[in-house]
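See below for the structure under consideration.
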Amino acid sequence: SWASFLAENRLLILFSFVFLAGAALGVLIYALSGPVFAAELSAILKIKPVTGGFKGGISALFSSCFSSIVLLAVLFICGLSACGAPVAAVVPLFFGMGLGLTEAYYCSSGVKGFFVAALLVVPHYLIAATALLFGTMESIRLSVLLSRQLLPGGVMGGLWQDFKLYFLRFFAYAVVAFASGVVDVITRLLLGSILLKQ
């Protein structure tokens, strides 16, 4: 039933809305920014075709998934702290802002920009967002377990199995984030020459 689904996945739904709110905030920031600020953002947000053969593809791959891997590392560290949950909760918002800014940048250029956003931006962003959303929930889970041990009456220790599961899950999330970079490079190789022409 919907009630049981919502109850079992309430954190996933909550952070999905946080991610979408970040995307909306990114669009709003771009819309309210002046032309000078927009020109500065274009240097960061502009997607370039993959060139330079195998070496260029590897470089594009690592630059594509770098931000996702860094945010996963932040989430991993936050989970190891009893006070890390508030910081972890902000990560989907921050990542969503990146998506919103990029979408707004391309959609502001017309119909072709909509195709660029739909085919070259959204697919790999959603894959990376999946890894970050689950990483956020896992980070908060372990952080809460650690904080409970510091409360009066809390029992110290006994989290070794939880930590092993935590490490394995974050390894899987890193693989998904890396896969988002692969999708980004493949779509740029297939469509970049058409959609990214000046």
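Residues Y105 and L101 fail the side-chain proximity criterion, which asks for heavy atoms closer than 4.5 Å. The shortest side-chain heavy-atom distance between I29 and L32 does not fall under the 4.5 Å cut-off. Looking at F178 and S68, their side chains never come closer than 4.5 Å, going by heavy atoms from C-beta outward. Here the side chains of Y30 and E103 are not in contact, with every heavy-atom distance at 4.5 Å or above. Side-chain contact between E138 and L75 is absent, with no heavy-atom pair separated by less than 4.5 Å. Side-chain contact between L146 and S81 is absent, with no heavy-atom pair separated by less than 4.5 Å. Put simply, the side chain of F115 does not reach to within 4.5 Å of the side chain of L191, judged on heavy atoms. Using a 4.5 Å cut-off on side-chain heavy atoms (C-beta onward), K112 and Y106 make no contact.
Linking Ile, Leu, Val, Met, Phe, Trp and Tyr residues whenever their side-chain heavy atoms come within less than 4.5 Å places M137 and I140 in a single cluster. In the hydrophobic clustering of this structure, V91 does not group with F66; members are Ile, Leu, Val, Met, Phe, Trp, Tyr whose side-chain heavy atoms approach within less than 4.5 Å, directly or through other members.
T187 contributes no side-chain N or O that, together with a main-chain N or O of L120, makes up a donor-acceptor pair within less than 3.5 Å. With hydrogens and angles ignored, the 3.5 Å screen pairs a side-chain donor or acceptor of S147 with a backbone N or O of V144. The backbone N or O of K55 lies less than 3.5 Å from no partner atom in the side chain of S59, so there is not a single donor-acceptor pair. Looking at S64, its side chain never comes within 3.5 Å of a backbone N or O of A60 through a donor-acceptor pair. For the pair T130 (side chain) and L126 (backbone), a donor-acceptor distance under 3.5 Å is present. The backbone N or O of A85 sits less than 3.5 Å from a side-chain atom of S143, completing a donor-acceptor pair. Side chain of T102 to main chain of G98: a donor-acceptor pair is present (N/O by atom type, distance under 3.5 Å, no hydrogens or angles).
Annotation: the span from L132 atom CG to I127 atom CD1 amounts to 12.0 Å, rounded to 0.5 Å. Between the CZ atom of F19 and the OG1 atom of T136 there is a distance of 11.0 Å, given to the nearest 0.5 Å.
Taking the six-membered ring where the residue is Trp, the centroids of Y125 and F95 are separated by under 6.0 Å.
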- request: Kindly determine whether L80 and F163 satisfy side-chain contact (heavy atoms from CB on, under 4.5 Å), including the steps that lead there.
  value: CA-CA 9 Å; L80 300 179; F163 176 75; 3.7 Å; yes
Residues F54, I58; criterion side-chain contact (heavy atoms from CB on, under 4.5 Å); working and verdict: CA-CA 6 Å; F54 179 76; I58 294 298; 3.7 Å; yes
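Classified by interplanar angle (parallel below 30°, tilted 30° to 60°, perpendicular above 60°), the ring pair Y173/F170 is perpendicular.
Scanning both residues, D162 and L145, for their nearest heavy atoms gives OD1-CD1, 3.9 Å.
Few gaps surround CZ on F76; more than 12 heavy atoms of other groups in view lie less than 6.0 Å from it.
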